[in-house]
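Quick notes on the structure that follows.
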Amino acid sequence: MSTVEAVTELNSVTPGNFRSILGRFVTGVVAVTAAGEEGGAPAGLVVNSFASVSLSPPLVLFCVAHTSTSWPRVRSAGRFCVNILGEDQREISTRLAGSGPDKFEGVPWTAAPCGAPVIDGGIGWIECSVEAEHPAGDHDVIVARVHRLDSGKDGCPLVFHRGLYGRYVAL
Ligand SMILES: Cc1cc2nc3c(=O)[nH]c(=O)nc-3n(C[C@H](O)[C@H](O)[C@H](O)COP(=O)(O)O)c2cc1C
């Protein structure tokens, strides 16, 4: 095999090296939550594909897999909250990233003005509605308009890096 062919093979895009190389990019962790239908259990999912987009108008984005069963429930609520998780909320993240009828069992929360769960102990929350949705491969990019926001506990963020949770250290 020539050097060029070897390098091409090494650099090829496979699900394994896509996850492995992209996982080197550190992110925070947010929980996207909404009130349940007709007083039912709230809906929520964890995403790390969250980013700030625009100040005027205020917009944020995140990406949702087509396989998500919680996102259609969150979306249909109209308003939802993006909860920025703190470093001591790993268990809450694991719980909301799982599946089950009531992911919120044992997760302490208070209702935002729109009724969506603001998770107690989070370091910030952002109340949003869907502004636009863009299909992107096996995910949709959700652009959301920000209606209200507030800081929470004055703590450090939960971070995600190379498939593991971690904590932030200032240099
Ligand atoms: C740290 C972390 C980050 C995640 N980021 C995303 C994401 O950006 N987009 C996404 O669709 N799912 C993401 N997930 C998976 C979802 O949280 C969840 O597992 C998935 O939506 C399945 O649950 P559901 O069927 O209740 O929606 C992430 C999971 C973890 C643990």
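For the numbers below, each heavy atom of this structure counts, side chains included, while hydrogens, waters and symmetry mates do not. Both ligands and their constituent atoms are indexed starting at 1 by order of listing.
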Members besides V30 in its Ile/Leu/Val/Met/Phe/Trp/Tyr cluster (side-chain heavy atoms under 4.5 Å): V32, L45, V47, F50, V60, F62, V64, W71, V74, F80, V82, I84, I123, I126, V130, I142, V146, L149
Just grab all the salt bridge (charged side-chain N to carboxylate O under 4.0 Å, His left out) pairs involving residues 141-161, residues at least two apart or on different chains. D88-K153, E127-R148, E131-R145
I'd like to check the side-chain contact (heavy atoms from CB on, under 4.5 Å) partners of C63; sequence neighbours left out, ordered by chain and number. S49, H139, V141
N17 side chain to N11 backbone, donor-acceptor under 3.5 Å: no
Has R95 got a side-chain atom pairing as donor or acceptor with E105's backbone, closer than 3.5 angstrom? yes
Can you tell me if Q89 uses its side chain to pair, donor with acceptor, with the backbone of D120 under 3.5 Å? yes
Any idea which residues sit under 4.0 Å from ligand 1, heavy-atom distances? L45, V46, V47, N48, S49, C63, V64, A65, S68, T69, S70, A97, G98, K103, F160, Y165
